[in-house]
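The structure appears below as structure tokens.
Just so it is clear, the structure is predicted and the values come from calculations on it, not from any experiment. FYI, the numbering just counts along the sequence from 1.
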Amino acid sequence: MERDPYTYVTMSLSPGGPTYLGVSFHSPELRVRASVLTTGRPYLDISSNTVTVTVSTTAAGPVTTADLDIARQIHRAAARYLADCERLHHEQSANSGAPACDGSAA
């Protein structure tokens, strides 16, 4: 079943407790970019037409060992996401009889 693309944002506020913010992207309209600001702070943006999520260094300051650990976790998770998408796309293409895309440029 095909579904329309969407971005889902939830926020939970609790007096005296932590704030929870969740963002789920379910859209082909995503953009992902990474760069370094003129201040020397690296950042990663994931955005749709309706929402942007930015990840940057601890307290927006110098890069720490913890920041490196988080960047490595993001890298591993993105590699796993890519592998899962490629595997599932191949399986779904094989099951539908449609040609699978190998990810190479035309």
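Here the side chain of Ser93 pairs no donor or acceptor atom with the backbone of His90 at under 3.5 angstrom. Put simply, the side chain of Arg33 never gets that close to the backbone of Arg31: no donor and acceptor are under 3.5 Å apart. A donor-acceptor pair is defined here as one N or O able to donate and one able to accept, closer than 3.5 Å; no such pair exists between the side chain of Ser47 and the backbone of Val51. Using modelled atom types, one side-chain atom of Asp67 and one backbone atom of Thr64 make a donor-acceptor pair closer than 3.5 Å.
Tyr6 and Val9 fall into different hydrophobic clusters, where Ile, Leu, Val, Met, Phe, Trp and Tyr side chains are chained together by heavy-atom contacts under 4.5 Å. Linking Ile, Leu, Val, Met, Phe, Trp and Tyr whenever their side-chain heavy atoms come within less than 4.5 Å leaves Val55 and Val36 in two separate clusters. Both Ile74 and Val23 are part of a single hydrophobic cluster, where members link through side-chain heavy atoms under 4.5 Å apart.
There is no side-chain donor-acceptor pair under 3.5 Å between Arg41 and Thr57.
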* To do: Might you work through the side-chain hydrogen bond (donor to acceptor under 3.5 Å, both in side chains) test for Thr54 and Asp45, ending with a clear yes or no?
  => CA-CA 4 Å; Thr54 302; Asp45 274 347; 2.4 Å; yes
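Here the CZ-CD1 distance, from Arg72 to Ile70, works out to 11.5 Å after rounding to the nearest 0.5 Å. Here the straight-line distance linking atom CG of Asn49 with atom CZ of Phe25 works out to 10.5 Å at 0.5 Å rounding. Atom CD of Glu91 and atom CD of Glu86 lie 12.0 Å apart (nearest 0.5 Å). In this structure, CG in Asp4 is found 13.0 Å from NE2 in His26, a value given to the nearest 0.5 Å.
Between Leu21 and Thr10, every side-chain heavy-atom pair lies at or beyond the 4.5 Å cut-off. Side-chain contact between Val63 and Pro42 is present, with at least one heavy-atom pair separated by less than 4.5 Å. A heavy-atom distance below 4.5 Å is not found between the side chains of Thr52 and Ile46.
Annotation for Tyr43 and Leu37: closest pair CE2-CD2, 3.6 Å, computed over non-hydrogen atoms. Closest of all the heavy-atom pairs between Leu30 and Ser48 is CD2-CB, 4.0 Å. Closest approach of Ser27 and Pro5 over heavy atoms only: CA-CB, 3.8 Å.
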